[in-house]
Visitor: 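Sharing a structure below in structure tokens format, with a few things to ask.
Excluded from the calculations below are hydrogen atoms, water molecules and symmetry mates; all remaining heavy atoms, backbone and side chain alike, are included. Sequence lines set the chain letters: A, B, ... in the order given, protein chains first and strands last, and positions in each chain run from 1. Being a predicted model, the structure only gives us computed values, none of them experimental.
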2 protein chains.
Amino acid sequence: MPADDPLALDRQVCFALAAASRTVIGLYRPVLEPLGLTHPQYLVMLALWERSPRTVRDLGETLSLEPATLSPLLKRLEIAGLLTRARRVDDERALDVELTPAGRELRSRALAVPGKIVARLGLEVSELERIRDSLTTLLAAASPPQ
Amino acid sequence: MPADDPLALDRQVCFALAAASRTVIGLYRPVLEPLGLTHPQYLVMLALWERSPRTVRDLGETLSLEPATLSPLLKRLEIAGLLTRARRVDDERALDVELTPAGRELRSRALAVPGKIVARLGLEVSELERIRDSLTTLLAAASPPQ
DNA sequence: CACTAATAATTAGTACCCTAACTAAAGGAA
DNA sequence: TTCCTTTAGTTAGGGTACTAATTATTAGTG
């Protein structure tokens with residue numbers, strides 16, 4: 001195996017990305033479980049805590065997720081009582097995905113989540129911010145032209 | 001929404017990670033489809049092109065994937081004729097996952113893959129390497145202690 | 001040697017993830 | 001106004017991804 005192998009696993013950004021993503025997200029599981037959330041659900045709630053109500057399309061664009069992924073996911077959050085989905089009055093193709101009081105109140109418990117993960121990672125916050133900025137660059141480069 | 005909101009989406013490394021990972025991996029789909037591979041399968045093949053045969057456990061550790069994920073995935077690659085799975089003689093709990101001649105030959109077509117993705121991303125190779133190194137740091141921090 | 005504990009891989013179950021197809025509603029053009 | 005095109009969200013289907021449970025094999029202990 002030559003030292004300059006173009007297909008070497010440790011040369012592939014996509015592998016580093018996939019493995020890091022899965023592994024980091026895996027750390028959230030025990031932290032989010034007491035809140036009754038999976039990681040993708042947590043991301044949805046983060047978006048709604050920023051702004052609610054929002055449409056499925058808006059959530060999809062914000063989270064880089066397809067409607068087909070969001071649809072059942074939102075359904076499960078609705079069943080859990082954290083949000084409601086109602087047809088918009090001005091455009092009945094669209095849904096207003098809106099936090100319930102329970103969904104809103106969950107935010108205060110979620111405030112402890114990032115700190116727990118940062119502590120588990122044991123990296124400097126400044127380094128995490130640098131990594132995050134790199135990822136934002138990468139996401140922009142990979143995203144479809146607007 | 002305060003400017004220093006600890007739960008702001010764009011402050012979460014995990015969100016940047018999830019979105020970037022999904023989006024970048026999504027770019028591979030049309031490139032890998034002519035090779036008959038999904039992205040996770042591509043990663044498995046990369047590992048086997050480095051070294052074959054390998055056990056499921058070895059592949060799992062290398063790729064940060066659970067055996068439960070690998071089991072059906074390898075089965076599909078076996079059905080596709082790219083690899084075989086055989087009980088090891090020295091330890092019948094373990095499998096030897098070994099490339100077939102077809103699996104081995106696929107590598108030459110796969111050599112074009114990274115270049116296509118890099119071109120699509122339009123980022124300098126040096127920047128991609130920097131990002132990859134960051135991710136490797138992150139993966140190490142997130143991984144269970146050895 | 002007998003028995004217990006640990007290990008490797010598979011299966012079951014749940015929750016994503018995407019593409020493709022579909023239904024219903026809205027927008028736009030003639 | 002009518003009709004075609006586009007859009008929003010859902011459903012279907014295939015492929016992951018994980019935890020938990022299971023089966024069979026191996027390792028370790030007395």
Side-chain angles (χ1 to χ4, degrees), chain A residues 14 17-33 36-44 53-61 63-80 83 85-97 142 144, chain B residues 14 17-33 36-44 53-61 63-80 84-97 142 144:
Chain A
C14 65
L17 204 44
S21 151
R22 282 190 258 107
T23 307
V24 168
I25 288 169
L27 298 183
Y28 280 77
R29 189 186 183 102
V31 177
L32 291 174
E33 200 230 351
L37 297 174
T38 63
H39 189 265
Q41 291 174 351
Y42 172 63
L43 295 180
V44 167
R54 301 177 80 146
T55 62
V56 177
R57 179 195 168 104
D58 181 12
L59 287 170
E61 285 173 353
L63 299 169
S64 300
L65 278 175
E66 295 295 321
T69 304
L70 279 167
S71 187
L73 190 157
L74 292 171
K75 188 172 185 177
R76 277 185 290 273
L77 285 174
E78 187 176 32
I79 287 168
L83 56 84
R85 295 182 298 169
R87 286 289 154 189
R88 287 182 57 160
V89 174
D90 58 324
D91 182 349
E92 290 194 22
R93 296 172 301 177
L95 291 176
D96 263 342
V97 180
Chain B
C14 65
L17 206 42
S21 151
R22 280 189 257 108
T23 306
V24 169
I25 288 170
L27 297 183
Y28 280 78
R29 192 185 181 102
V31 177
L32 291 173
E33 200 230 350
L37 298 173
T38 63
H39 189 265
Q41 291 173 354
Y42 171 65
L43 294 181
V44 168
R54 302 176 79 146
T55 62
V56 177
R57 177 195 169 103
D58 181 10
L59 287 171
E61 286 173 352
L63 299 169
S64 299
L65 278 175
E66 295 295 321
T69 304
L70 280 168
S71 187
L73 190 157
L74 292 172
K75 188 172 185 177
R76 277 188 287 277
L77 286 174
E78 186 177 31
I79 288 166
T84 56
R85 294 181 299 165
R87 285 291 153 190
R88 285 181 59 161
V89 174
D90 58 325
D91 182 350
E92 291 192 20
R93 294 172 302 180
L95 292 177
D96 264 342
V97 180

Visitor: Got a second to check how far Glu33(A)'s CD is from Thr38(A)'s OG1, nearest 0.5 Å?
Guide: 11.5 Å
Visitor: Just the endpoints, please: which first and last nucleotides of DNA chain C, 5' to 3', lie under 4.0 Å from a heavy atom of chain A?
Guide: dA15(C) to dA26(C)
Visitor: Indicate the atoms forming the closest heavy-atom contact of Tyr42(A) with Leu37(A), along with that distance.
Guide: CA-CD1, 4.2 Å
Visitor: What is the distance, to the nearest angstrom, from the CG atom on Leu32(B) to the P atom on dG15(D)?
Guide: 15 Å
Visitor: How would you list, by chain and number, every residue that makes a side chain to side chain contact (heavy atoms under 4.5 Å, CB included) with Thr23(B), sequence neighbours excluded?
Guide: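 Thr23(B) satisfies side chain to side chain contact (heavy atoms under 4.5 Å, CB included) with Ser64(A), Leu139(A), Ala142(A), Ser143(A) only.
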Visitor: Heavy-atom contacts under 4.0 Å between residues 68-78 of chain A and DNA chain D, which residues?
Guide: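 Within residues 68-78 of chain A, the residues near DNA chain D are Ala68(A), Ser71(A).
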Visitor: Among all residues two or more places apart in sequence or in another chain, which pass the side-chain hydrogen bond (donor to acceptor under 3.5 Å, both in side chains) test with Glu61(B)?
Guide: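 So Glu61(B) forms a side-chain hydrogen bond (donor to acceptor under 3.5 Å, both in side chains) with Arg57(B).
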Visitor: Taking salt bridge (Lys or Arg N to Asp or Glu O under 4.0 Å) as the definition, give me every residue that meets it alongside Glu92(B), ordered by chain and number, with sequence neighbours left out.
Guide: none
Visitor: To the nearest angstrom, how far is Leu43(B) atom CG from dG15(D) atom C1'?
Guide: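 After rounding, the reported distance stands at 14 Å.
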Visitor: Under 4.0 Å between any heavy atoms, over every strand shown, what does Pro67(B) touch: base, sugar-phosphate, or nothing? Just pick one.
Guide: base
Visitor: Restricting to non-hydrogen atoms, name the atom on Cys14(A) and the atom on Leu43(B) that form the minimum distance, rounded to 0.1 Å.
Guide: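 Smallest heavy-atom distance, with atoms named: SG-CD2, 4.2 Å.
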Visitor: When the distance from CG of Leu63(B) to P of dT16(D) is rounded to whole Å, what number comes out?
Guide: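 Computing the Leu63(B):CG to dT16(D):P distance gives 13 Å.
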Visitor: Using a cut-off of 4.0 Å on non-hydrogen atoms, how would the nucleic acid contact of Ser64(B) be classed: base, sugar-phosphate, or nothing?
Guide: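 Since only primed, P, OP1 and OP2 atoms lie under 4.0 Å of Ser64(B), the category is sugar-phosphate.
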Visitor: To the nearest 0.5 Å, how far apart are CZ in Arg87(B) and CG in Asp96(B)?
Guide: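 Answer for the CZ-CG pair, Arg87(B) versus Asp96(B), is 10.5 Å.
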Visitor: Tell me, do Leu65(A) and Arg22(B) make a side-chain contact under 4.5 Å, heavy atoms counted?
Guide: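 The answer is yes; the side chains approach within 4.5 Å.
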Visitor: Holding to side-chain hydrogen bond (donor to acceptor under 3.5 Å, both in side chains), I want the full list of residues that pass it with Asp91(B), two or more places apart in sequence or in another chain.
Guide: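 For Asp91(B), the residues satisfying side-chain hydrogen bond (donor to acceptor under 3.5 Å, both in side chains) (neighbours in sequence not counted) are Arg93(B).
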Visitor: Roughly how many Å is it from CG in Leu37(B) to P in dG14(D), rounded to a whole number?
Guide: 19 Å
Visitor: Give, ordered by number, those residues of residues 85-97 of chain A having at least one heavy-atom distance below 4.0 Å to an atom of DNA chain D; if nothing qualifies, reply none.
Guide: Arg85(A), Arg87(A), Arg93(A), Ala94(A), Leu95(A)
Visitor: When the C1' atoms of the five terminal pairs at each end define the local axes, what inter-axis angle does the helix from dC1(C)-dG30(D) to dA30(C)-dT1(D) show, to 10 degrees?
Guide: 20°
Visitor: Would Val56(B) and Val97(B) satisfy side chain to side chain contact (heavy atoms under 4.5 Å, CB included), going step by step from the backbone distance to the final call?
Guide: CA-CA 7 Å; Val56(B) 177; Val97(B) 180; 4.1 Å; yes
Visitor: Can you see which heavy atom on Ile25(B) is nearest to which on Ala18(A), and at what distance?
Guide: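 That closest heavy-atom pairing would be CD1-CB, 3.9 Å.
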Visitor: Test of understanding: with salt bridge (Lys or Arg N to Asp or Glu O under 4.0 Å), list the residues that count as partners of Arg54(A), not counting sequence neighbours.
Guide: Asp58(A)
Visitor: I need the minimum non-hydrogen distance between Arg88(B) and Thr55(B), along with the two atoms involved.
Guide: NH1-CG2, 3.3 Å
Visitor: Show me the donor-acceptor pairs, under 3.5 Å and distance only, between side chains in residues 70-78 of chain A and residues at least two apart or in other chains.
Guide:
residue: Glu78(A); atom: OE1; partner: Arg85(A); partner atom: NE; Å: 3.1
residue: Glu78(A); atom: OE1; partner: Arg85(A); partner atom: NH2; Å: 3.2
residue: Glu78(A); atom: OE2; partner: Arg85(A); partner atom: N; Å: 3.2

Visitor: Give me the residues of residues 23-31 of chain B where at least one heavy atom lies under 4.0 Å from an atom of DNA chain C, by number, or none.
Guide: Arg29(B)
